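Read through the structure below, which is laid out as structure tokens, and then see the notes.
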Amino acid sequence: MSFDLVLFGGTGDLTWRKLMPALFQAFRHGKLPPGGRILAVARDARTDDEYRAFIREKFADVDAPKQPREDEFARFAELLHYRRMDLSHADDYAGLKAWLDERAADTVVLFLATSPHLFTDICAQLGSAGINGPQVRVVLEKPLGHDLASAQEINRVVRASFAEHQALRIDHYLGKPAVQNLSALRFGNALFEPLWRRESIANIQITLAESLGVGTRGDFYDGTGALRDMVQNHALQLLTMIAMEPPPTHDADAIRDEKLKVLKSLKPFTPESVGRDVVRGQYRAGTIDGQAVPGYLDEPKVPADSTTETFVALRTEVQNWRWAGVPFYLRTGKRLAARHAQIVVNFRPVPHPIFPGSSRANKLVIKLQPEDGLELHLLAAKGSGQGELLAPVSLDLDFDKAFTSERVGAYERLLMDALAGRLNLFVRSDEQEQAWRWVEPILDAWRADPNGPRPYAAGTWGPPASSAMVARDGCSWDEEQ
Ligand code: BG6
């Protein structure tokens, strides 16, 4: 299969930080189909060789084992091409079309790694230039809109040029190996399915915690905030994977239909329930790994009076027969105590305890980061000499050890899927719009609330109100148990 992969925003952050390293890994693993070209387009004039040298230099920032040797880079670089384009000029799209037509590759993937405000113009221009034939797919990076109306507008323009199956919306969390494993755990094994319901599960906690701050992205982040940056997409996608019904097949639409049903079953927020069930926070100065770090308001390019949230914790429910009454807690934030992403499924305790001492319930921990794996927490008898006392033990599954072959990173996986036309891990427009529909009342309630976000010290787990919200149900966050 011959392919042309065009990276709009070819000199930008996303391209050299994530896409090029992922493409290089795919190349190194022999997964990049032969006979392909990768074309970076951006505003300034460069030759192919100048662009290759630019990318070579950027690889210095990549983790050592993922850095190319000189001979490997030289072979990879043969795939790389560069083209100057002004994205508002119709002539430049005609030039791109001629470049693509010269070769008439079997597959053309156009990856929009530009600022999202350009998406609609680029898609409209691609359509007018005729770069939207059946062999073409367009990949859109988040954030896709900042509310429902803007997301709908992007989808409307994209749809005018591309069919739904040609538009691939990336949520890189869906490319993470732990998320593939979540699907395998639920639908490849019969063990958990009978327990995967309200009768056996007390609550579910999804934590996406980062220890980093906003770094140099202060201007982007300040217009976005944690709800739009992490909850509307990554956290909700994980929730759908946990809560969805078993799909009838492994086809993209069968899976996405089930995910959409979950999003439609989420309990809608009202102004009152936002006050009670959503906590927003903003970090202040603190200490992370023994280092003093500044507060959000002192970060570069952040206004000193910003009320943007860097932390969100919320409680919701999936209103259907399987999940009625089970709290789903979502939590994400910057400058928290650790880089740590996991889903915890807390089971109900035994109905009639006969052992003295421990009343702990079982839990299943699906770990996404920093390493991925599964932990099943059980109680076992520890012969203490004073009667049967139970102690918690865990069954640990470390996927890096279980599978010795190369693990595939999220972007590598998603880029290869985009080239192959596998849509399972991309978000459909109706899912994305439904997610906006659900978060919008939170944005509205916050806009009307003069109190702003609650402060929390960097290096903690967020404002105390987050623990208080969970405690109201008699629960606690995983690290407090
Ligand atoms: C991105 C957000 O989508 O995800 C960033 O825009 C965030 O703010 C990043 O840091 C987290 O991704 P990961 O894979 O490092 O957990």
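Computed from a prediction, not measured in an experiment: that's the story for all the values here. Both counts, for ligands and for their atoms, begin at 1 and track the order of listing. Hydrogens, waters and symmetry mates play no part in the numbers below; they use all other heavy atoms, side chains included.
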Margin query: Please determine whether a side-chain nitrogen of the Lys or Arg among K18 and D13 lies less than 4.0 Å from a carboxylate oxygen of the Asp or Glu.
Written below: no

Exercise. Is there a donor-acceptor pair under 3.5 Å between the side chain of T240 and the backbone N or O of V262?
Worked result: no

The protein heavy atom nearest to atom 10 (O) of ligand 1 is E210 OE1, 2.6 Å

Taking only non-hydrogen atoms of K142 and a 4.0 Å limit, the atoms of ligand 1 in range are 1 (C), 2 (C), 3 (O), 6 (O)

the protein heavy atom lying closest to atom 12 (O) of ligand 1 turns out to be H172 NE2, 3.1 Å

Candidates R339, M230, E141, R228; heavy atom nearest atom 15 (O) of ligand 1 found on R339

Nearest heavy atom to atom 8 (O) of ligand 1, choosing from L208, D229, D171, belongs to D229

the protein heavy atom lying closest to atom 14 (O) of ligand 1 turns out to be K176 NZ, 2.6 Å

(request) Answer yes when K363 and D478 have at least one side-chain N-carboxylate O distance shorter than 4.0 Å, and no when they do not. (result) yes

> Does a side-chain N-to-carboxylate-O contact under 4.0 Å join E164 and R169?
Replying inline: yes

For Y221, the ring pair (Phe, Tyr, Trp, His ring centres under 6.0 Å) test, sequence neighbours excluded, returns none

Any heavy atom of H340 under 4.0 Å from ligand 1? The part involved is neither

Contact region, Y173 to ligand 1, non-hydrogen atoms below 4.0 Å, reads side chain

Charged N-O contact under 4.0 Å between E258 and R186 = no

d(Q282 CD, S306 OG) to nearest 0.5 Å is 5.0 Å

K334 heavy atoms within 4.0 Å reach ligand 1 at atoms 5 (C), 7 (C), 8 (O), 10 (O)

Practice problem: Answer yes or no: does an N/O atom from K18 fall short of 3.5 Å to an N/O atom of ligand 1? | Solution: no

